[in-house]
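Here the structure is laid out as structure tokens; the discussion comes afterwards.
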There are 2 protein chains.
Amino acid sequence: MEQPPPDAGSGARVLVVDDDPTVAEIVTGYLDRAGYVVDRAGDGPDALARAAAHRPDLVVLDLMLPGMDGLEVCRRMRGHGPVPVIMLTARGDEDDRILGLEVGADDYVTKPFSPRELVLRVESVLRRSRPAPAASALLRAAGLAVDPAARRATKHGGELSLTMREFDLLAFFMRNPGRAYAREELMREVWGWDFGDLSTVTVHVRRLRGKVEDDPARPRLIQTVWGVGYRFDPAFGEG
Amino acid sequence: MEQPPPDAGSGARVLVVDDDPTVAEIVTGYLDRAGYVVDRAGDGPDALARAAAHRPDLVVLDLMLPGMDGLEVCRRMRGHGPVPVIMLTARGDEDDRILGLEVGADDYVTKPFSPRELVLRVESVLRRSRPAPAASALLRAAGLAVDPAARRATKHGGELSLTMREFDLLAFFMRNPGRAYAREELMREVWGWDFGDLSTVTVHVRRLRGKVEDDPARPRLIQTVWGVGYRFDPAFGEG
DNA sequence: CGGCTCCTTACGAAACACGGACGTCGGCGA
DNA sequence: TCGCCGACGTCCGTGTTTCGTAAGGAGCCG
């Protein structure tokens, strides 16, 4: 039958604000078919009331509204919470775009627009406005969090300032916990060298311990394996 | 990098779907003279096959087709990708217009129509659908707003005057916040070069900081990741 | 206790980022 | 046409950060 993109709306709430019933009707129809839950408002005060009541995930807002200006509506909505807004502006009205930009619209569509384009924009803005969770590439263990992409590490939520080598070393340990590594292996894996003074590894392990361990004098996370090397042991870190 | 000349047809591919050879012939002729590369199909299945094979930039679709309905054709085409569609409908058949728009047509032309009008519609729809995939929406973070389409940026509502490189750099950062990028990556992503003096990146980051940071001497938004590169960090911009 | 291993500290060298300045190129107005 | 100006890429001097190594002391094991 009629099959909108399966991943599309997924029930996100959209508030359409336009005083022209025809436009509102068509836009609403499109968004509805795309899988969104659509609410409608015909003027500014109505829009604010519905926004407050329904907490939409996104607002499609006509710039030209009777009574209260679209910009004002946008501003007030933003005052209540960070809801994404797509502005509908007259074609080529450069000033309006800039105003929308400054007031806090997340996108604008110039009239006349194709409803399809509007749906694409809605999807795009929604997709962009919720990248909050994600972070699957995060390495977590023992109160530590390491984000290789951002090259950032935290300990109990507090930012750790690690040097490049320290970061690489910690990241390697957290990717391979519980196993003992000889200094030579660490030198190969972290430094990328096949030879070199192994005390280099020792020193860096010590520096890393100083920043990561609760009590660097009695290391728990990075344990010394006598005669072998080191082992990252997150089990004893929680404390 | 820049768009091709706004010259009319400029080789865009258009698929004309009509079972009436006379209509198809005239339309094809006009579009051909307007500079488009035109393909023709006489029925639904033929249209779908050619659309799949030739990937047209736009489809002119007769609503009334033998065998498969034009609406159905439109739906199926949409299932394969976001191709713009102009519907040909009988005059005054209001229901058809609505149906066409709901199914995803970007415009419609009522029969009888002048071929010249159709060409104008084609141009219009192509012009409208072009920025949709290419240009992206507004980027905002940390009191900054960047409009890639208008090539404008503001900071706390105030206009920023950025050079081309500065703008591209900032836009890239705002599209990819929180991740650390090596100078090589920035050079590749922003400059589009795979070589070149990396200090160029350093210098432009400094210039951008001078315009974007509250205290350029102690950057918060664009942070230096020592030994690696830079990271755009909107989290610290608001406070 | 002896030998080996690991820890700790210190230091010089190298790598790195930064700011300032310069030369070139192209656009624009006089 | 000439001259000015902005954008851009490059280069250099400087201050800072990081790194690798050396050396002495402490710890572990038999």
Side-chain angles (χ1 to χ4, degrees), chain A residues 151 153 159-172 180-213 215-233, chain B residues 1-2 151 153 159-172 180-213 215-233:
Chain A
R151 285 199 82 80
E159 180 98 23
L160 285 176
S161 94
L162 303 178
T163 71
M164 187 173 51
R165 286 271 133 86
E166 288 160 5
F167 186 93
D168 290 340
L169 189 55
L170 177 60
F172 176 80
Y181 287 93
R183 288 181 177 70
E184 299 198 341
E185 293 180 278
L186 293 173
M187 183 126 258
R188 185 157 2 95
E189 297 289 340
V190 178
W191 274 256
W193 302 346
D194 269 347
F195 56 94
D197 190 341
L198 295 181
S199 66
T200 293
V201 177
T202 308
V203 171
H204 275 89
V205 165
R206 164 180 150 55
R207 287 172 180 158
L208 181 57
R209 277 172 169 168
K211 296 181 179 179
V212 160
E213 299 279 358
D215 180 5
R218 235 164 289 98
R220 292 169 166 278
L221 271 61
I222 305 176
Q223 294 200 324
T224 301
V225 184
W226 229 86
V228 179
Y230 299 97
R231 177 184 57 221
F232 183 70
D233 220 326
Chain B
M1 222 64 60
E2 290 304 313
R151 286 197 80 81
E159 180 98 20
L160 283 177
S161 88
L162 301 178
T163 71
M164 182 177 54
R165 286 270 132 88
E166 288 160 4
F167 186 93
D168 290 341
L169 189 55
L170 178 60
F172 176 79
Y181 287 94
R183 289 180 175 72
E184 278 111 345
E185 294 180 277
L186 293 173
M187 184 124 255
R188 187 158 2 93
E189 297 290 340
V190 178
W191 274 256
W193 301 347
D194 270 346
F195 54 92
D197 190 344
L198 295 180
S199 66
T200 293
V201 177
T202 309
V203 171
H204 279 272
V205 165
R206 169 157 43 96
R207 288 170 181 160
L208 180 57
R209 275 172 171 168
K211 298 182 179 179
V212 160
E213 298 279 356
D215 180 5
R218 233 164 287 96
R220 292 168 160 278
L221 270 59
I222 305 176
Q223 294 199 323
T224 301
V225 184
W226 232 87
V228 177
Y230 299 96
R231 178 183 54 219
F232 182 72
D233 221 325

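Order of the sequence lines fixes the chain letters, A, B, ..., with proteins taken first and strands second; residue numbering starts at 1 for each chain. Because only heavy atoms are used, hydrogens play no part in the values below, and waters and symmetry mates are left out as well, while side chains stay in.
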Any Lys/Arg nitrogen of [X] or [Y] sitting under 4.0 Å from an Asp/Glu carboxylate oxygen of the other?
| X | Y | answer |
| --- | --- | --- |
| A:Lys211 | A:Glu166 | yes |
| B:Arg165 | B:Asp168 | no |
| A:Asp194 | A:Arg188 | yes |
| A:Asp197 | A:Arg183 | no |

Would you kindly compare A:Ala217 and B:Val228 by the position of their nearest DNA chain C nucleotide and give the one closer to the 5′ end?
A:Ala217
I'd like to know if the side chain of B:Glu185 and the backbone of B:Ala182 have a donor-acceptor N/O pair within less than 3.5 Å.
yes
Nucleic acid contacts - residues 181-195 of chain A versus DNA chain D, non-hydrogen atoms under 4.0 Å:
A:Trp191, A:Trp193
Please give, in whole Å, the distance from [N] [atom2] to [X] [atom1]?
| X | N | atom1 | atom2 | value |
| --- | --- | --- | --- | --- |
| A:Leu169 | D:dG20 | CG | C1' | 15 Å |
| B:Met164 | C:dG27 | CE | C1' | 13 Å |
| A:Glu166 | D:dG20 | CD | P | 11 Å |
| B:Glu213 | C:dG19 | CD | P | 11 Å |
| B:Leu160 | D:dA7 | CG | P | 13 Å |
| A:Leu198 | C:dT5 | CG | C1' | 12 Å |
| B:Ile222 | C:dC18 | CD1 | P | 10 Å |
| A:Gln223 | C:dC6 | CD | P | 14 Å |

Tell me whether A:Glu184 at atom CD has more than 12 heavy atoms from other residues, nucleotides or ligands lying less than 6.0 Å away.
no
Selection from [options] that lies nearest to any side-chain heavy atom of [X]:
| X | options | value |
| --- | --- | --- |
| B:Val203 | C:dC7, D:dT18, D:dT10 | D:dT10 |
| A:Arg209 | C:dG20, C:dC7, D:dC19 | C:dC7 |
| A:Asp197 | D:dA22, C:dC6, D:dG20 | D:dA22 |

Find every protein N or O atom lying less than 3.5 Å from an N or O atom of nucleotides 11-14 of chain C, and list the pairs.
none

Ignoring backbone atoms, establish whether [X] has a side-chain N or O less than 4.0 Å from OP1 or OP2 of [N].
| X | N | result |
| --- | --- | --- |
| A:Arg206 | C:dT8 | yes |
| A:Thr224 | C:dC7 | yes |
| A:Ser199 | D:dG20 | no |

Just to be sure I understand the rule, does A:Thr200 reach a base, reach only the sugar-phosphate, or reach nothing, if contact means heavy atoms closer than 4.0 Å?
base
Using a heavy-atom cut-off of 4.0 Å across all strands, would you classify A:Tyr230 as base, sugar-phosphate, or nothing?
sugar-phosphate
So do the side chains of [X] and [Y] get within less than 4.5 Å of each other, counting heavy atoms only?
| X | Y | answer |
| --- | --- | --- |
| B:Val212 | B:Arg220 | no |
| B:Arg218 | B:Glu213 | no |
| B:Leu208 | B:Ile222 | yes |

Within the 6.0 Å centroid threshold, strictly below: B:Phe172 and B:Tyr181:
yes
Sugar-phosphate atoms are those with a prime plus P, OP1 and OP2; base atoms are the rest. Using that split, label each nucleotide of nucleotides 25-30 of chain D B, S or - for protein heavy atoms under 4.0 Å, 5' to 3'.
--BB--
Could you tell me which non-hydrogen atom of B:Met187 sits nearest to which non-hydrogen atom of B:Phe195, and how far apart they are?
SD-O, 3.5 Å
Nearest heavy atoms of B:Val205 and B:Tyr230, plus distance in Å
CG1-CE2, 3.6 Å
Which comes earlier along DNA chain D counting from the 5' end, the contact point of B:Ser161 or that of B:Gly196, where each point is its nearest nucleotide?
B:Ser161
Test log, rule side chain to side chain donor-acceptor pair (under 3.5 Å), inputs A:Arg207 and A:Thr202:
CA-CA 9 Å; A:Arg207 287 172 180 158; A:Thr202 308; over 6 Å; no
